[in-house]
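Here the structure is laid out as structure tokens; the discussion comes afterwards.
Chain A is the first sequence line, chain B the second, and so forth, proteins listed ahead of strands; every chain is numbered from 1. Only a predicted model underlies this, so the values are computations on that prediction, with no experimental measurement involved.
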Amino acid sequence: MEVFVVGGSSLSHPTTPISVHNYSSSSTPPLSPSLFPNKNNNNNNRRRRLPSAWTKTKSPKLASKGGAFLSPSRRAAIIELQEASDLASSLSRLEGTIQAQGLNIVLRHFGELRRWKDVIQLFDWMQKHGKVNVASYSSFIKYMGKSLNPMKALEVYNGIQDDSIRRNVSVCNSILGCMIKNGKFESSIKLFDQMKKDGLTPDVVTYSTLLSGCIKVKDGFSKATRLIRELESNGLEMDSVIYGTVLAICASHKLCEEAEMYFQKMKDRGCSPNLFHYSSLLNAYSVDGNQMKADELIEDMKSAGLLPNKVILTTLLKVYVRGGLFEKSRKLLAELQALGHAEDEMPYCLLMDGLAKEGHISEAKAIFDEMKAKGVKSDGYSYSIMISAYCRSELLEEAKQLAKDYEDNYDKYDLVMLNTLLRAYCNTGEMENVMEMLKKMDKLAISPDWNTFHILVKYFCKEKYYQLAYRTVEDMHNKGHPLDEELCSSLILQLAHVGESLKAFSVYNMLRYSKRNLSNSLHERMLKILVSAKHLKEAYVVMKDNAELISGSSLAKFMMSFMKLGNINMINDVVKAFHSSGHRVGAKWVYLPRIGRIRDDGFSVTKQFKVTLMDMGDGHSEKPESRFKPKAGPHNSLTFSPPLSFWKEVFCLAVTRYVSLPEKKELLLHLLQWMSGQGYILDSTSRNLLLKNSRMFGQHLIAEAISKQFAASKNLRIQGTKR
DNA sequence: TTAGGGTTAG
């Protein structure tokens, strides 16, 4: 199919190297510059006491700053390097003039200007010429973290030979921060443990760095608690920065009470909260839309002399929206507009999303239109919210129209936007547009994520492109995304329905691999599919691993089919596996026995009584199936093995197969021997069949095997009656 | 003399 080529190539786009790109690709569009430009107004204990000249200018021309302590020739060298059009030749010309200290100034200059190539080139040169010190390492590693190049940072860190540099606290903090910025929290914790073993003495900055990684990780709060405990046991104290981070951790993990607790603790310790601390706590209140507490907090903030700024008011809007207070929200939005704080789409997005999620979709659209009419520029968020809202409400045409509108007017795509558009086009069955989105993803080197795959598989299933759906699931699995059970179960059924049972089995296996707790019924469904498609070898695998989760009747059908049609070389294995699975679990073989009927059985039944030999005597009046009963519930404790008549039939079929293939004599004798060992004996029909054909197998051997069976059964019977 | 932070949207 034509489609396949495009979709296939798109999705099998080579994965980008570990971690580095994966994080960058999921990043949101660039945000507006800091809303708190005058950071130094925070009266909290700033770590660095920089000369006032350093803090005033944020000019990249650092030569003027560090240059105060440098000789004129070195100052000139720094300026020349900063402005060099050919860095390499300037470096070789100035080699004798400039040392590590001056070069570090140039390195930081390039770093602040995000001239990553120059940073790397300069640092390489510095290393080659032995002009590096601790400061060079920590700055360089920091910038590699900022440029999303943690691999380079690690390469340099691992290459440090001098132990005193390797365990220098700045260098360590730098590499830990670099890894955390790039989403490698777990690895950074491991590295931190190793560093401590190697002699690092962590300081407040180390803990603050590690704590910042807890904001976005699962279970971040308990990880943070551990770090704080360690910090305190090392005699260190939490500072304003650390409180800010911890409050953000509480908010991102929806832990409102914990946030309040830390906020109070901070005040009690004489540390006055700044706007960041207030906004984190406010954000925690937005979790359950606690408007009362939010309003109180704003008052508290005002009386502490802090004016609510744009972010605080926007966060307050979030509290109102989450609390379902839409009228109050509208008023606050008007206030934001009046203050000039509604020039980007964020407050509109908050309100729209809240309205849409409460089902007020046309009111959400009205906000969207108002925003557009006001000429507020969009980074795609508002479109994404509206398109998703339409999709959720099954207003598919509207979703598609808005998607097209976005595409016609914007040329900005990230993964979320692409997924949103993809979903809109998939829902309306716009194949051309779907393919267009996939091409775009390819072109922009944006790797598909779980959502992308999920949208596509669902779409392909709906359109009955089962092969494509299958290939996409395979791709998804190979890229390490967990599979969705519901979607895969339906694909399994559909594949089976179009005669692709082996592909269905493959999906089943991928699903089993990626998901621990599958619903019990899936195994049975898979077994049924494979049995009816006569893929008995595969069915055997399903049976062997999941016998306890499959109903007796399905197992029985499988066994009968295998005995009749399965690979003759595997018959004994299947019988044994079935026997031992009954032994092992038997949980689904619920049988309400009439004890008088059953004498000995070979399986453990309950703790109260145990029977040891089954009587294969003829004359069972019940049909095999009638004695398989579904599990009645946890209190119906008589879990049981298959009834005797079932085994009778199994052995009869097995013997019939062997009789038809005398060259499998060894296997037949092996089965008979095994049966004796387990206390199973043949019924009269099978016995007669065997005796009739015993010539082919060697009369002597058959007679011997049958008499052994009798002997075994007698012994066991005697034991049974003694008990 | 180099290392840390926290607030709002899909």
What's the closest nucleotide to the side chain of [X] if the choices are [options]?
{"X": "A:Val134", "options": "B:dT1, B:dT2, B:dG10", "value": "B:dT2"}
{"X": "A:Asp239", "options": "B:dT8, B:dT2, B:dG4", "value": "B:dG4"}
{"X": "A:Gln101", "options": "B:dA3, B:dT1, B:dT7", "value": "B:dT1"}
{"X": "A:Val311", "options": "B:dA3, B:dG6, B:dT7", "value": "B:dT7"}
{"X": "A:Lys357", "options": "B:dG5, B:dG10, B:dA3", "value": "B:dG10"}
{"X": "A:Val205", "options": "B:dA3, B:dA9, B:dG5", "value": "B:dA3"}
{"X": "A:Ser279", "options": "B:dG10, B:dG6, B:dT7", "value": "B:dT7"}
{"X": "A:Lys181", "options": "B:dG6, B:dG4, B:dG10", "value": "B:dG4"}
{"X": "A:Val204", "options": "B:dG5, B:dT2, B:dG4", "value": "B:dG4"}
{"X": "A:Ser139", "options": "B:dG4, B:dG10, B:dA3", "value": "B:dA3"}

For the residue pair A:Tyr137 and A:Phe123, does the interplanar ring angle fall in the parallel (under 30°), tilted (30 to 60°) or perpendicular (over 60°) class?
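Perpendicular.
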
A:Leu306: side-chain contact (heavy atoms from CB on, under 4.5 Å) partners, not counting sequence neighbours
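For A:Leu306 the side-chain contact (heavy atoms from CB on, under 4.5 Å) partners, ignoring immediate neighbours, are A:Leu275, A:Tyr278, A:Met301.
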
Atom-pair distance ([atom1] on [X]; [atom2] on [N]), nearest Å:
{"X": "A:Tyr137", "N": "B:dT2", "atom1": "OH", "atom2": "C1'", "value": "13 Å"}
{"X": "A:Ile180", "N": "B:dG4", "atom1": "CD1", "atom2": "C1'", "value": "10 Å"}
{"X": "A:Leu281", "N": "B:dT7", "atom1": "CG", "atom2": "P", "value": "13 Å"}
{"X": "A:Phe263", "N": "B:dG5", "atom1": "CZ", "atom2": "P", "value": "21 Å"}
{"X": "A:Lys216", "N": "B:dG5", "atom1": "NZ", "atom2": "P", "value": "11 Å"}
{"X": "A:Met195", "N": "B:dA3", "atom1": "CE", "atom2": "P", "value": "15 Å"}
{"X": "A:Ile298", "N": "B:dT8", "atom1": "CD1", "atom2": "P", "value": "14 Å"}
{"X": "A:Asp353", "N": "B:dA9", "atom1": "CG", "atom2": "P", "value": "10 Å"}

Which residues pass the salt bridge (Lys or Arg N to Asp or Glu O under 4.0 Å) test with A:Glu398, sequence neighbours left out?
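A:Glu398 satisfies salt bridge (Lys or Arg N to Asp or Glu O under 4.0 Å) with no residue once adjacent residues are dropped.
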
Using the salt bridge (Lys or Arg N to Asp or Glu O under 4.0 Å) criterion, which residues pair with A:Lys404? Sequence neighbours excluded.
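A:Glu430.
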
Just checking [X]: base, sugar-phosphate only, or nothing, at a heavy-atom cut-off of under 4.0 Å?
{"X": "A:Thr420", "answer": "nothing"}
{"X": "A:Met386", "answer": "nothing"}
{"X": "A:Leu247", "answer": "nothing"}

For the base of B:dG6 and the side-chain ring of A:Phe276, does the geometry meet a stacking cutoff of under 5.5 Å between centres and under 30° between planes?
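Whether judged by distance or by angle, A:Phe276 passes, so it stacks on the base of B:dG6.
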
Close approaches to DNA chain B from residues 313-321 of chain A, in residue order (heavy atom, under 4.0 Å):
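Hits under 4.0 Å, by residue number: A:Thr314, A:Thr315, A:Lys318.
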
Do the side chain of [X] and the base of [N] come within less than 3.5 angstrom through a donor-acceptor pair of N or O atoms?
{"X": "A:Ser208", "N": "B:dG4", "value": "yes"}
{"X": "A:Asn274", "N": "B:dG6", "value": "yes"}
{"X": "A:Asn419", "N": "B:dG10", "value": "no"}

Tell me whether the centres of the aromatic rings in A:Phe368 and A:Tyr383 are closer together than 6.0 Å.
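Ring-ring flag for A:Phe368/A:Tyr383: true, centres closer than 6.0 Å.
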
Can you check whether A:Asn283 has a side-chain N or O nearer than 4.0 Å to OP1 or OP2 of B:dT7?
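For A:Asn283, the contact criterion (side-chain N or O under 4.0 Å from OP1 or OP2 of B:dT7) is not met.
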
With respect to the phosphate group of B:dT1, does any side-chain polar atom (N or O) of A:Asn133 fall under 4.0 Å of OP1 or OP2?
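True: A:Asn133 side-chain N/O within range (under 4.0 Å) of B:dT1 OP1/OP2.
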
All pairs passing salt bridge (charged side-chain N to carboxylate O under 4.0 Å, His left out) where residues 381-395 of chain A contributes a residue, at least two apart
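Of all non-adjacent pairs touching residues 381-395 of chain A, none passes salt bridge (charged side-chain N to carboxylate O under 4.0 Å, His left out).
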
Can you list every pair that meets salt bridge (charged side-chain N to carboxylate O under 4.0 Å, His left out) and has a residue in residues 207-221 of chain A, with sequence neighbours left out?
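Counting only pairs at least two positions apart or across chains, no salt bridge (charged side-chain N to carboxylate O under 4.0 Å, His left out) contact touches residues 207-221 of chain A.
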
Decide side chain to side chain contact (heavy atoms under 4.5 Å, CB included) for A:Asp405 and A:Lys372; before the verdict, give the C-alpha distance in whole Å, the side-chain angles of both, and the deciding distance to 0.1 Å.
CA-CA 12 Å; A:Asp405 181 21; A:Lys372 280 184 82 180; 3.1 Å; yes

If you count heavy atoms of other groups shown closer than 6.0 angstrom to NZ of A:Lys331, is the number above 12?
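Open: at most 12 neighbouring heavy atoms sit under 6.0 Å from NZ of A:Lys331.
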
